[in-house]
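Side-chain atoms are counted along with the backbone in the values below, which use heavy atoms only and exclude waters and symmetry mates.
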Amino acid sequence: MKDLAENNLVVFKNITRKPETIYANFHVKGIRKGVNFRASISVDISAAEMDAGEPLEKIIEECARIGVREFKEADFQFEGFTRL
């Protein structure tokens, strides 16, 4: 159950072009250790060492791998309540 592909869903949303770079955007939702979660992941295609001239399927697949890997390794911190 540690594999995101087995018990969680990673869905490609879109490609966003900013003035400085291009991002592949994904939604992630699933269950891990009894916790339901939803997240958005944006991956810079240059971080995936991809070029805008590559086939779209290849860009999406490589960016998804990077996004899931980084999401699994992320350390989250509780910010606290601002108002109850």
Gap between atom CD of E61 and atom CZ of F12 - 0.5 Å precision: 13.0 Å

So, do F71 and F26 have ring centers that fall under 6.0 Å from each other? no

Quick check: closest heavy atoms across S42 and N25, and the distance to 0.1 Å? OG-OD1, 2.6 Å

Those residues at least two apart in sequence (or on a different chain) that pass side chain to side chain donor-acceptor pair (under 3.5 Å) with E70 are none

Can you check whether V28 reaches I41 side chain to side chain, under 4.5 Å on heavy atoms? yes

Looking only at heavy atoms, what is the nearest atom pair of C63 and I45, with distance? SG-CG2, 3.8 Å

Does E62 pair with R65 as a salt bridge, N-O distance under 4.0 Å? yes

Counting neighbours of CD on E49 that are heavy atoms of other residues, nucleotides or ligands and sit closer than 6.0 Å, is the number greater than 12? no

Are V10 and I15 linked, directly or through other ILVMFWY residues, by side chains that come within less than 4.5 angstrom of each other? yes

What closest approach, in Å, do E54 and I59 show between heavy atoms, and which atom pair accounts for it? O-CD1, 3.7 Å

Value for CG (N14) from NE2 (H27), rounded to nearest 0.5 Å, stands at 8.0 Å

So if you build clusters from Ile, Leu, Val, Met, Phe, Trp, Tyr with side-chain heavy-atom gaps below 4.5 Å, do I60 and I66 land together? yes

